[in-house]
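Report on one structure; see the data block that follows.
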Amino acid sequence: MTLTNWAGNTTFHAKEVHHPSSIDELQRLVAASAHVRALGSGHSFNHVADTTGDLVALDRMPELVEIDSAAAQVRVSARTTYAKLAPLLHRAGFALANLASLPHISVAGSVATGTHGSGDAVPGLAAAVSGIELVTADGSPLSLARGEADFPGAVVSVGALGVVTALTLDLVPAFELRQYVREGLRPDALGHFDEIMSSGYSVSLFTDYRDTRVWLKRADELTDPDWYGTTPADGPRHPLPAMPADSCTEQLGVPGAWYERLPHFRADFPPSGAGDELQTELLLPREHAVAALRALFAVGDRIRPVLQISEVRSIAADDLWLSPFEGRDSIGVHFTWIKDVAAVLPVVELVERTLAPFGPIPHWGKLFTRWPECPDRFRELVRRLDPDGKFGNDFTRVLLGE
Ligand SMILES: Cc1cc2nc3c(=O)[nH]c(=O)nc-3n(C[C@H](O)[C@H](O)[C@H](O)COP(=O)(O)OP(=O)(O)OC[C@H]3O[C@@H](n4cnc5c(N)ncnc54)[C@H](O)[C@@H]3O)c2cc1C
């Protein structure tokens with residue numbers, strides 16, 4: 001059977017797909033393989049997870065969720081999804097500081113690509129990682145903890161350093177949020193971008209560069225009937241205006257647990273358009289947000305024919321070498337495209353050109369054509385831990401400039 005990613009736009013070229021069921025078996029497999037890569041839940045839109053050698057799916061590995069209440073940390077198996085992890089944490093009185101728009105993705109795959117949600121004060125999901133355990137090129141295990149020299153290179157790693165088996169994540173006390181959708185944000189309200197984005201714990205703008213809606217996730221009620229000239233949505237909304245909202249987390253200001261409000265999509269429904277889409281996202285320094293959005297609005301007529309919706313999010317800085325947020329509070333400009341690669345790629349190039357003056361770094365798990373400079377220290381770490389390029393693929397070779 002042909003193995004593809006979630007969207008079906010990428011076919012894997014692996015000569016064999018393996019499903020080890022123990023760390024020992026995984027170690028033997030990695031040691032014996034010439035070229036090997038791990039697969040998460042397959043939600044990336046490019047060839048980042050691909051290999052022409054051995055592809056390792058961890059779906060038969062033991063699942064692990066060990067909560068250390070005293071340390072406010074959880075040790076979790078790489079394959080575990082946020083959908084599985086979050087309710088267990090909540091039941092123990094804990095939360096993760098942030099989640100992505102869908103919970104169906106694996107922890108290891110998400111942090112490997114720098115996956116993030118939104119929130120001025122909240123960094124990407126990888127910033128919660130305080131420890132990482134992996135099987136390296138010769139099959140030996142390696143554990144790295146925050147504070148160790150190589151750690152900041154090992155978390156957002158695009159799978160280039162080894163097969164991650166477990167991660168330790170920082171927890172915060174469980175919390176509640178209300179979710180509101182406000183419609184009709186006028187383009188001139190972009191002048192209030194900073195106030196709008198800081199109006200909630202997590203705020204997203206959904207726009208087609210003509211009509212803009214604000215999704216606010218916050219603790220407090222939002223009662224202002226004329227908030228920045230918007231009107232409250234009169235019912236639940238889907239990020240894609242034409243879609244029914246059944247798959248979306250509860251809105252209309254009803255308070256609920258963090259993990260049932262932070263993701264846009266419910267864990268018990270297929271997310272979004274269920275694979276009928278492509279995605280691109282460019283991450284820019286926060287200070288360029290308004291200028292960058294104005295530049296995109298100016299070419300909106302050329303973006304719209306292949307656009308389903310754009311989402312604008314904010315992400316706090318982290319210190320992980322390959323993270324698009326390394327050392328910079330950021331804004332993410334995301335594009336959900338129609339599923340037509342040939343029609344979409346010229347428009348990806350257009351948005352890359354339009355945003356080029358603002359120092360964009362692409363989301364590693366989405367479609368892009370312009371590669372940023374790879375940080376030297378990440379390249380050096382890959383060459384030291386994997387001198388023969390066992391975990392390399394076409395994606396990492398371009399990234400590393402090989
Ligand atoms: C509908 C949809 C919504 C999305 N929403 C968001 C969003 O809100 N925010 C956002 O930032 N992104 C979002 N994404 C992108 C998604 O989060 C990333 O593509 C993420 O990497 C997916 O995780 P995965 O487990 O599917 O990883 P995969 O795509 O399977 O793999 C990604 C990378 O991780 C590596 N990897 C996976 N497991 C391991 C392991 N055990 N050891 C070593 N390396 C490993 C792979 O080799 C590959 O390089 C979305 C994607 C979809 C389809």
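Indexing begins at 1, ligand by ligand and atom by atom, following the structure's order. The chain is numbered in sequence order, starting from 1.
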How about [X] and [Y]: do any of their side-chain heavy atoms sit closer than 4.5 Å?
X      : Y      : answer
Tyr82  : Leu96  : yes
Ile309 : Pro241 : yes
Pro236 : Leu252 : yes
Glu260 : His90  : no
Tyr259 : Thr249 : no

Is the closest heavy-atom distance from [X] to ligand 1 below 4.0 Å?
X      : answer
Gly162 : yes
Phe265 : no
Arg313 : yes
Glu311 : no
His104 : no

Using distance alone, determine whether [X] and ligand 1 share an N or O pair under 3.5 Å.
X      : result
Val164 : yes
Ser101 : yes
Leu102 : no
Gly109 : yes
Glu277 : no
Ala112 : no
Glu281 : no
Ala108 : no
Phe45  : no

Using a strict 4.0 Å cut-off to heavy atoms of [X], name the atoms of ligand 1 that fall inside it.
X      : result
His116 : 7 (C), 8 (O), 9 (N), 10 (C), 11 (O)
Ser106 : 25 (O)
Ala100 : 7 (C), 8 (O), 9 (N)
Gln279 : 1 (C), 2 (C), 3 (C), 4 (C), 50 (C), 51 (C), 52 (C)
Ala78  : 41 (N)
Gly40  : 25 (O), 28 (P), 30 (O), 37 (C), 38 (N)
Leu58  : 41 (N)
Trp6   : 1 (C), 53 (C)

Practice problem: Give the contacting part of His363 toward ligand 1: side chain, backbone, both or neither, where contact means a heavy-atom distance below 4.0 Å. | Solution: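 The answer is the side chain.
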Self-check item: Region of Thr115 that comes within reach of ligand 1 [heavy atoms, distance under 4.0 Å]
Solution: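 Near ligand 1, Thr115 shows its backbone as well as its side chain.
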Quiz item: Looking only at non-hydrogen atoms, which of Ala57, Pro239, Ala49, Gly332 approaches atom 31 (O) of ligand 1 most closely?
Solution: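 Looking at heavy atoms only, Ala49 sits closest to atom 31 (O) of ligand 1.
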Quiz item: So between His264, His47, Arg37, whose heavy atom ends up nearest atom 49 (O) of ligand 1?
Solution: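 Checking each option, the heavy atom nearest atom 49 (O) of ligand 1 is found in Arg37.
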Quiz item: Can the ring centroids of Phe94 and Trp258 be said to lie less than 6.0 angstrom from one another?
Solution: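 No, the ring of Phe94 stays outside the 6.0 Å limit from the ring of Trp258, centre to centre.
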Quiz item: Is the ring centre of His334 less than 6.0 Å from the ring centre of Phe206?
Solution: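 No, ring centres 6.0 Å or more apart.
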Quiz item: Salt bridge check: are Arg266 and Asp268 linked by an N-O gap of less than 4.0 Å?
Solution: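 Salt bridge flag = yes for Asp268 with Arg266.
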Quiz item: Under 4.0 Å between a Lys/Arg side-chain N and an Asp/Glu carboxylate O for Arg377 and Glu326?
Solution: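 Salt bridge: yes.
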Quiz item: Which one of Val163, Thr51, Thr396, Leu134 satisfies the side chain to side chain contact (heavy atoms under 4.5 Å, CB included) criterion with Phe391?
Solution: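 Only one option passes, and that is Val163.
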Quiz prompt | Option passing side chain to side chain contact (heavy atoms under 4.5 Å, CB included) with Leu322 (candidates Val155, Val158, Ile361) | solution =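 Only one option passes, and that is Val158.
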Quiz item: Got a sec, which residues hit salt bridge (Lys or Arg N to Asp or Glu O under 4.0 Å) with Asp24, two or more places apart in sequence or on another chain?
Solution: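 In terms of salt bridge (Lys or Arg N to Asp or Glu O under 4.0 Å), with neighbours along the sequence ignored, Asp24 is linked to no residue.
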Self-check item: Residue pair Leu185, Ile196: steps toward the side chain to side chain contact (heavy atoms under 4.5 Å, CB included) verdict
Solution: CA-CA 10 Å; Leu185 188 78; Ile196 291 170; 3.9 Å; yes
Self-check item: Nearest-0.5 Å distance that lies between atom CZ in Phe335 and atom CG in Leu367
Solution: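 It is 12.0 Å, given to the nearest 0.5 Å.
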Quiz item: Mind checking whether His104 and His43 have parallel, tilted or perpendicular rings, split at 30° and 60°?
Solution: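 Plane angle between 30° and 60°, so tilted.
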